[in-house]
Amino acid sequence: MLEEGNEKNLFKDKLKAIREGEHENRKKRESEFHFFHQQWVILWQPVVVENIKKDREVHFYVRASNINSIKAQLRQLTIEHKVLMGDVQGIIEKQTVNDTVNARGSSSYYENYHSMKEIYRWMEEVVKIHSDLLQKIYIGSSYEKRPLYVLKAIHVRERDQTMTTLLEHFDFYIMPVINVDGYEYTWSHPYNRLWRKSRSSHSNSKCIGTDMNRNFDAHWCGPGASHSECQETYCGPYPESEPEVKAVARFIRDHKDTIKAYITMHSYSQMVLFPYSYTTNKSKDHEELESLAQKAAKAIKRTTRKIYRPGAGAQTIYLAPGGSDDWAYDLGIKYSFTFELRDTGTYGFLLPSREIKPTCLEALSAVKEIAQHVLQNL
Ligand code: ARG
Ligand code: ZN
């Protein structure tokens, strides 16, 4: 259970946001604020009520002023519980102060979270500095008309032998941020740092955003997704309704004969997932993917001692149709994975910045393991 920051902090933040904010947006933001905070509990894990299972932990977030009554209710129901984070707002503030203090490309730059604007500047700079190694590919634009970029890493001599071999055989396409609008929103609206969905608006609904990982054309909007615009797992009005999803799907379709593996990175729960997530049935490559996911999890353990659980999506995390991994797999990209990165709930979506680097190192070791397997099985 997570407890929100004290009222004073919230009030201070609200005032700050309003003062800085455009006055015409003020009313809308206030109403969003109220809508968000009127809810008694906001689920973190699993993302929707239907996915709560017996004997599994549930992580949720509550308004500080409701904490005592919620605790009393839990006690009455004899549900074991503890407070994981006493001051969510305080953690958010700490994580969003260091946007540009470190020089881009310096190692400490990669140990802090950055805003979307800063990530755009970073992309521009790295491709300029490493023009022999990196290209920036424009693949479309977002609902709010921000550009969507994929970085292509090409062969160059590396100090790391495995990396050299892998880059000799493969190009890597990396998309740092798919939800550019949603991510920008988490920085510009302090009480919405945990926004999940896109920022599109459909059918005059009062609620904004589609869950991009429910919007791919893979058993779209079956059990595990929602047709209601106000839900966190809203699947959108039709598959690929989101311009960001459409851009990624088109890019992958256009390159499908050369793409050998697809990996998408999420947080949190420390898992190496493979298809399917839209059904509990096994895919035809289940055994191979399972053993590869196990190898990837072992590589992670060797790197940082962290335990990641390997498994098919629907069995391991929850039933979730319309995900990019299942879609890529059914398109013919056999090696398709979702990494759920750190942690397992201590900080949940608010992973402290000191954990960014080790999380990247362990994820990289898993990527290498997968790439080596692909290379041996070409
Ligand atoms: N955190 C992920 C999500 O809810 C889990 C996705 C598992 N589903 C999948 N298709 N890989 O989007
Ligand atoms: Zn996710």
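All values below come from the heavy atoms of this structure, side chains included, with hydrogens, waters and symmetry mates left out. Nothing fancy with the numbering, it's 1 onward along the sequence. Numbering of ligands and ligand atoms starts at 1, following listing order.
Of the charged side-chain nitrogens involved, none lies within less than 4.0 Å of a carboxylate oxygen, so that K260 and D171 do not count as a salt-bridged pair. Between R104 and E118, at least one side-chain N (NZ, or NE/NH1/NH2) sits under 4.0 Å from a carboxylate O, which counts as a salt bridge. Under a 4.0 Å N-O distance rule, the pair E355/R342 qualifies as a salt bridge. A salt bridge is absent between E184 and R199; no separation between the charged side-chain nitrogens and carboxylate oxygens falls under 4.0 Å. A salt bridge between R302 and E369 is present, with a side-chain N of the basic residue lying under 4.0 Å from a carboxylate O of the acidic one.
The closest non-hydrogen atom to atom 1 (N) of ligand 1, taken over Q45, M271, E340, comes from E340.
Each of the following atoms of ligand 1 lies closer than 4.0 Å to a heavy atom of D325: 9 (C), 10 (N), 11 (N). Within ligand 1, the atoms closer than 4.0 Å to a non-hydrogen atom of G323 are 10 (N), numbered from 1 in the order shown. Every atom of ligand 1 with a heavy atom of A320 under 4.0 Å away is listed here by number and element: 8 (N), 10 (N).
If you look at Y276 and H219, their ring centroids are not closer than 6.0 Å. The ring of H114 has its center closer than 6.0 angstrom to the ring center of Y109.
Judged by the 6.0 Å and 45° rule, K152 forms no cation-pi pair with Y173.
Residue contacts with ligand 1: Y318 is placed with a nitrogen or oxygen under 3.5 Å of a nitrogen or oxygen of the ligand (distance criterion only). At least one N/O-N/O distance between T338 and ligand 1 falls below 3.5 Å. Checked by distance only, ligand 1 and D211 stay at 3.5 Å or farther apart across all their nitrogen or oxygen atoms. Polar contact with ligand 1: present for S277 (N/O pair, distance under 3.5 Å).
Not a single heavy atom of E232 sits less than 4.0 Å from an atom of ligand 1.
Contact annotation for R196 and ligand 1: only side-chain heavy atoms (C-beta onward) come within less than 4.0 Å of the ligand.
In this structure, atom 12 (O) of ligand 1 lies nearest to the protein heavy atom N213 ND2, 2.9 Å.
Closest to the Zn ion (ligand 2) among the N, O or S atoms of H266 is ND1.
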